[in-house]
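Heads up, the thing below is written out as structure tokens.
Labels below follow one simple rule: chain letters A, B, ... track the order of the sequence lines, proteins then strands, and each chain is numbered from 1. Only heavy atoms go into these numbers, but all of them, side chains included; no hydrogens, no water, no symmetry mates. As the structure is a prediction and not an experimental result, all values here were calculated from the model.
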Amino acid sequence: MKTGGWKARAAYGTLLLLALLKVTLVPNLQGAALYQPMKSAITSLGWVLAVYLAYWYSRKKRWEKATPEQRRDMERAETDERNQFLWGQAAYYSWQVMLFALAAAGVVMSMLDCTPGMLAVAVLFGVQVLSYFGKLRVLNRKF
Amino acid sequence: MTNKIAQLRKERRISQAELADAVDVTRQTIISLENGRYNASLLLAHRIAKYFGLTIEEVFLFEEEEP
């Protein structure tokens with residue numbers, strides 16, 4: 001099973017860099033227009049990386065504790081056709097739910113007259129739709 | 001589509017885990033196949049039939065729906 005070692009190392013390295021930036025660069029920006037956005041961006045990204053590292057670590061521990069038979073099952077689960085069918089169905093359903101959720105968020109942002117919020121929702125909506133149709137086009141050519 | 005996987009397995013005293021190992025799927029997939037909740041792909045059906053030394057039609061029974 002691929003444990004994604006390089007991704008975890010990259011995430012850890014980035015997290016350390018963000019921590020360094022937060023204590024060195026960001027305090028020097030206090031009073032500047034960039035101070036709050038920079039601080040929020042570093043904090044948010046730091047949390048995302050921390051959650052990803054926690055998830056990676058729990059998978060790594062599970063793999064290390066597994067017996068050879070369990071490891072074989074874990075590896076096989078990733079390529080098992082029934083699992084892939086279920087994941088595909090669940091992913092398509094959640095994509096549709098997310099589209100509706102984003103549309104609803106757009107309406108709320110509009111009601112609150114929040115332009116940055118509306119822009120963010122529009123970007124996310126666009127990414128969802130474009131990535132779907134882009135992938136569909138690639139798959140149509142392949143199959 | 002129904003199948004005789006459970007019956008063939010019991011006749012040959014093969015466990016679900018052994019069959020899963022042999023055809024490279026999870027045990028849960030074998031369970032779902034036997035319960036009729038999941039239909040195997042052509043490739044998996046071929047692998048299972050080959051494992052039992054039978055043809056696909058002898059293992060998997062395709063029942064036409066009544067019009």
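For the pairing with A/Arg82, the side-chain contact (heavy atoms from CB on, under 4.5 Å) check across B/Thr29, B/Leu44, B/Leu33, B/Asn39 returns one residue only, B/Thr29.
Applying the salt bridge (Lys or Arg N to Asp or Glu O under 4.0 Å) test to residues at least two apart or on different chains, none of the pairs has a partner in residues 124-143 of chain A.
A search for side chain to side chain donor-acceptor pair (under 3.5 Å) contacts involving B/Thr2 returns B/Glu63, not counting sequence neighbours.
In terms of hydrophobic clustering, with Ile, Leu, Val, Met, Phe, Trp and Tyr side chains grouped at heavy-atom distances under 4.5 Å, A/Leu16 and A/Val51 are assigned to different clusters. A/Leu130 and A/Val123 are members of different hydrophobic clusters when ILVMFWY side chains are connected at heavy-atom separations under 4.5 Å.
Residues of residues 53-60 of chain B never come within less than 4.5 angstrom of chain A, heavy atom to heavy atom.
For the atom pair CD of A/Glu81 and OG1 of B/Thr26, the computed distance is 9.5 Å after rounding to the nearest 0.5 Å.
No more than 12 heavy-atom neighbours from other residues, nucleotides or ligands sit within 6.0 angstrom of OH on A/Tyr12. The number of heavy-atom neighbours closer than 6.0 Å to OH of A/Tyr35, taken from other residues, nucleotides and ligands shown, is above 12.
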Please report, to 0.1 Å, the donor-acceptor pairs under 3.5 Å made by any side chain of residues 6-17 of chain B, with sequence neighbours excluded.
residue	atom	partner	partner atom	Å
B/Gln7	NE2	B/Glu11	OE2	3.1
B/Arg9	NE	B/Glu34	OE2	2.6
B/Arg9	NH1	B/Ile14	O	3.0
B/Arg9	NH2	B/Glu34	OE1	3.2
B/Arg9	NH2	B/Glu34	OE2	3.3
B/Arg12	NH2	B/Phe52	O	3.2
B/Ser15	OG	B/Glu18	N	3.1
B/Gln16	OE1	B/Arg27	NH1	3.1
B/Gln16	NE2	B/Glu34	OE1	3.0

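Highest contact tally toward chain B, considering only A/Thr79, A/Asp80, A/Asn83, is held by A/Asp80 [criterion: heavy-atom pairs under 4.5 Å].
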